Trainee: 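Below you'll find the structure I mean.
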Amino acid sequence: MNRLSWFNTVSLTLGFAFLYIPMVILIIFSFNESKLVTVWAGFSVKWYGELLQNEAFLNAAWVTLKVAVLSSTIATVLGTMAAYVLVRGGRFLGRTLFSGMIYAPLVMPEVITGLSLLLLFIGIGMDRGVMTIVLAHTTFSMCYVSVVVSSRLVTFDRSLEEAALDLGCSAAEAFRLVTLPIIAPAVISGWLLAFTLSLDDLVIASFTSGPAATTLPIKIFSAVRLGVSPEINALSTIMIAIVTVGVLTASLVTKHQLVRQRRDEQNAVRT
Amino acid sequence: MRRFLLIAIPYAWLLALFLVPFAIVFKIALSDAAVARPPYMPQFDWITGVWAFLSKLDFENFTWLTEDDLYWKAYLSSLKIAVISTFFTLLVGYPMAYAMARAPEEWRPTLMMLVILPFWTSFLIRVYAWMGILSNEGLLNQFLIWLGLIDTPLVILNTNTAVYIGIVYTYLPFMILPIYSALERLDGSLIEAAEDLGCSRMQAFWLVTIPLSRAGIIAGCFLVFIPTLGEFVIPSLLGGSDTLMIGKVLWEEFFSNRDWPVASAVAVVLLLILVVPIVLFQRNQQKQQEAEQ
């Protein structure tokens, strides 16, 4: 490919400026001395200090983390099972319904999912709290996991599994020793996706949480509704920093793995 | 036995936590408002049989939706906002996707990463970031006044314009990624051939590039349009009191007015509106998959 034309350079520059300037401004103003978020009054980290003393935010952060870890882990197990069934399951009763239920939550408006789950929990008399949010998050994120994992399973060379079976592996061993390591990158990115979806969710959590369990997005939303505040800027900066570090690490790890895999393949061809 | 469990566990989970809840929404949407007076719910009466259930059905909540013009105005204005913001997202996203696909190969992973990174960052925070920029004494107005373009601050926050900006901003990656993947597969020699045959660059773009990236454009538009229609966060943070969006109406009907049957009916109608774009989207995806094979 040749170098970028001026038009392409301009559209990339403007596009990325549009994507990143709001977040950069947010980060800069989290270090603002003034309570007014639009007037710069000198550098300060005091909002971070206040944030760390804010019990309500810390509690909410803890609840959010618990919910995210639990729901993304269950969702990864269920989603991987569902993906396996979709790609390898063959025919079974209600297959169309099953795949429909996998894809439908991806496009469902959150307000509807939240409303329907709340009505269910009330209908069966379940107290709302951490448990109900976990159930709700698991349900929608398992669908994302299964889409990610099944795209990997589709391109998977089945003969590797058959070879393992021929060499005396049981079906479970073949799955554990051959299939799982190969689909592992998809399973891990499925887990990460489920984890971030859960951290991020406001609407469904609002419907399914009770007074005892408030997640961070619910807390942020109710604070933000009253206007812009430097404490929220500080909180946002911390969250953006965590995500950036996480995504960069993940991409470096996968890049490293890819390089190693290619080297191994080349070595295998040579010997 | 093992195969049975493998199928049964996720199946049962989805039935219990996805399909059954929907059935309940339908049921409540059709049940009498008086029986289901909030915040108390009637006990579910699966045992009394289907007939008893059917005899209680009425469409009162749906007729209510047609009588109060708040609802159909909200549906129409949601549709309008979704269409306009999808169009603008395409307008911003296409050139970016195009430039990414044309960028030197070694840049592409980094550019991809830069598009995906905001997607991993909290949606709520990305919407919030605009509140400080768009407000009357916000940075955009300060900047425009400093440039001398305006004397008095523009009112942007709490208007539909702010909602459009918020939607284009947060949904941009959903538009860029499918278009990029369509454009990246595009065979460059086709454009050369068109130019050799006498097309100008512009003509080659309209006659070759756009049609060949159509599947990506369609996928991107649906990925923006479908979730936007039920959007709640953006209109409540950036929109004003005159911004009517159905997701917000449903939320308020439920949490503020506590009228659950009407909220359920609003949800059912929203779902019915969404059936068409969702089916079209799936057809487009299937066609694309077949084309790849």
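The sequence lines fix the lettering, A, B, ..., with proteins before strands; numbering per chain opens at 1. Note that the structure is predicted; figures quoted are calculated from it, not measured.
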Trainee: Give, as side chain, backbone, both or neither, the part of L93(A) having an atom under 4.5 angstrom from any heavy atom of chain B.
Mentor: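 Only the backbone of L93(A) comes within 4.5 Å of chain B.
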
Trainee: Distance check, rounded to the nearest 0.5 Å: M131(B) atom CE versus R225(A) atom CZ?
Mentor: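 The CZ atom of R225(A) is 10.0 Å from CE of M131(B), to the nearest 0.5 Å.
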
Trainee: Side chain from CB out, backbone as N, CA, C, O: work out which of these in I240(A) comes under 4.5 Å of a heavy atom of chain B, or both, or neither.
Mentor: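 For I240(A), the contact with chain B is made by backbone and side chain together.
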
Trainee: CD1 of I7(B) to OH of Y84(A): how many Å apart, nearest 0.5 Å?
Mentor: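 It comes to 11.5 Å.
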
Trainee: Where does S146(A) contact chain B at under 4.5 Å (heavy atoms): side chain, backbone, both or neither?
Mentor: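 Interface part for S146(A): neither.
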
Trainee: Is S206(A) in contact with chain B via its backbone, its side chain, both, or neither, using a 4.5 Å heavy-atom distance?
Mentor: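 Both backbone and side chain.
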
Trainee: Less than 4.5 Å to any heavy atom of chain B: does that hold for the side chain of I102(A), its backbone, both, or neither?
Mentor: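 Backbone plus side chain of I102(A), per the 4.5 Å heavy-atom cut-off to chain B.
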
Trainee: Quick check on F88(B): does its CZ atom have over 12 non-hydrogen neighbours (other residues, nucleotides or ligands) under 6.0 Å away?
Mentor: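 Counting other residues, nucleotides and ligands, CZ of F88(B) stays at 12 neighbours or fewer.
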
Trainee: At what distance, to the nearest 0.5 angstrom, does OH of Y103(A) lie from CD1 of I278(B)?
Mentor: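 Result: 14.5 Å between the selected atoms.
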
Trainee: For the side chain of Y169(B) and the backbone of L19(A), is there at least one donor-acceptor N/O pair under 3.5 Å apart?
Mentor: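 At least one qualifying donor-acceptor pair exists.
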
Trainee: For L192(A), is it the side chain, the backbone, both, or neither that has a heavy atom closer than 4.5 Å to a heavy atom of chain B?
Mentor: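 The answer is both parts of L192(A).
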
Trainee: Between L106(A) and chain B, with a heavy-atom cut-off of 4.5 Å, which part of the residue counts as in contact: side chain, backbone, both or neither?
Mentor: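 Contact with chain B involves no heavy atom of L106(A) at all.
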
Trainee: Counting only non-hydrogen atoms closer than 4.5 Å, does M239(A) touch chain B with its backbone (N, CA, C, O), its side chain (CB onward), both, or neither?
Mentor: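 M239(A) touches chain B through side-chain heavy atoms alone.
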
Trainee: Which atom names give the shortest non-hydrogen contact between D200(A) and T121(B), and what distance separates them?
Mentor: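 In terms of heavy atoms, the two residues are closest at OD2-O, 4.4 Å.
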
Trainee: Parallel, tilted or perpendicular: which fits the ring planes of F221(A) and W251(B), with parallel below 30° and perpendicular above 60°?
Mentor: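 Ring orientation of F221(A) relative to W251(B): perpendicular.
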
Trainee: What distance do L197(A) atom CG and W120(B) atom CH2 have between them, rounded to the nearest 0.5 Å?
Mentor: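 Interatomic distance, L197(A) CG to W120(B) CH2, rounded to 0.5 Å: 8.0 Å.
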
Trainee: Is the distance between the ring centroids of F7(A) and Y98(B) less than 6.0 Å?
Mentor: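 F7(A) vs Y98(B): aromatic centres not under 6.0 Å.
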
Trainee: Heavy atom to heavy atom, less than 4.5 Å: which residues from residues 133-142 of chain A reach chain B?
Mentor: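 L135(A), T138(A), T139(A), M142(A), listed by number.
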
Trainee: Kindly compute the distance separating CZ (R126(B)) from OG (S236(A)), expressed to the nearest 0.5 Å.
Mentor: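 So the gap between those two atoms works out to 12.0 Å.
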
